[in-house]
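I have placed the structure first, in the form of structure tokens, so that the comments after it can refer back to it.
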Amino acid sequence: MEIFLDTADAEEIRRCKEIYPLAGITTNPSILAKEKRRFSEQMELVKDAASGLPLHVQVTGETAQALLAEAEAIAEAFGKNTYIKIPVNREGIKAIKELKRKGFVITATAIYTREQAFLAGMAGADYAAVYYNRMQNLSIDSRQVTADIVSLYRMHGMETRVLAASFKNCGQVLEAVLAGAQSVTLPAAVLDSMVDNALIDKAVSDFKEDWTKINGEKRIDEVLTQY
Ligand code: G3P
């Protein structure tokens, strides 16, 4: 199981990397546009903040040939272990097939259907980014679709991992994980919301209060000095 951060905000990457067990950073052109800097400048900041975590970077070309050229440039700039995110349409599938032949690592993206995921897997994609919330917006049962994609990969021995994406709340994340998704990519706010809870804060402060009643302000490491 892997958790990715879905952002191009360098500060957010640094903060979340300190706290959470992150496996990498995913971006797309819309996420990058929020940072209002040119692609290469912002990606340098992202790479620096990620300090070694794998990056997933999306291409925008409309033909397989253009997608291949973008992938080559990304690998050259950010390293061959950078996952090239390619939307799953006809040209995208053609590009995925060719890039896998050349040894690239690929995240097939913009997946709304089992059919897209099936073809992405057959083309050799390493990850399939399944758009959880966007499916729900279309009244598609995203939990069922995610579970079906996970089982079809397993059933036919495909190594593609489901990377569930496009989350708006932490309930959706848990649904995707319970549907079998092997990885999820989350905006920082959704990740934070998994542990931001007044009941947790209350429990922590009650324990602290009871500790202090007996031991005062000293911490455990400060009272165990005689051992
Ligand atoms: O990686 C991008 C994917 O998570 C899409 O998210 O919020 O634009 O539906 P969203």
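Please read these numbers as outputs of a predicted model, since none were measured by experiment. One is the number of the first residue; the rest follow in order along the sequence. Just so you know, ligand 1 is whichever comes first in the structure, and atom 1 is the first atom listed for that ligand.
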### Query
Which residue, V184, L186, T185, L191, forms the side chain to side chain contact (heavy atoms under 4.5 Å, CB included) with D6?
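The side chain to side chain contact (heavy atoms under 4.5 Å, CB included) with D6 is passed solely by T185 among V184, L186, T185, L191.
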### Nearest-contact summary for atom 7 (O) of ligand 1 - protein heavy atom, Å
K168 NZ, 2.4 Å
### Message
Counting non-hydrogen protein atoms only, what is the nearest one to atom 6 (O) of ligand 1? Give residue, atom name and distance.
### Response
S166 CA, 3.4 Å
### Query
Hey, are R14 and D9 close enough for a salt bridge, meaning a charged N less than 4.0 Å from a carboxylate O?
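No salt bridge links R14 with D9.
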### Task
List every atom of ligand 1 that sits less than 4.0 Å from any heavy atom of N28, numbering the atoms from 1 in the order shown and giving each element.
1 (O), 2 (C)
### Task
Give the atoms of ligand 1, by number and element, whose distance to some non-hydrogen atom of R134 is under 4.0 Å.
5 (C), 8 (O), 9 (O), 10 (P)
## Note on the structure
d(R143 CZ, Q172 CD) to nearest 0.5 Å is 12.0 Å
### Message
Distance alone, cut at 3.5 Å: any donor-acceptor contact between the side chains of E91 and T63?
### Response
no
### Per-residue contact class, M135 against ligand 1 - non-hydrogen pairs under 4.0 Å
neither
### Task
Would you kindly specify which portion of F167 sits under 4.0 Å from ligand 1, judged on non-hydrogen atoms: side chain, backbone, both or neither?
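Neither part.
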#### Entry: K85-ligand 1 polar pair, N/O distance under 3.5 Å
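Yes, at least one N or O pair falls under 3.5 Å.
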### Message
Below 4.0 Å from ligand 1: does a non-hydrogen atom of N133 turn up there or not?
### Response
no
### Query
Same cluster for I111 and V105 if Ile/Leu/Val/Met/Phe/Trp/Tyr side chains link at under 4.5 Å?
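No, no single cluster joins them.
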### Query
For the rings on Y127 and H56, is their centre-to-centre separation under 6.0 Å?
yes
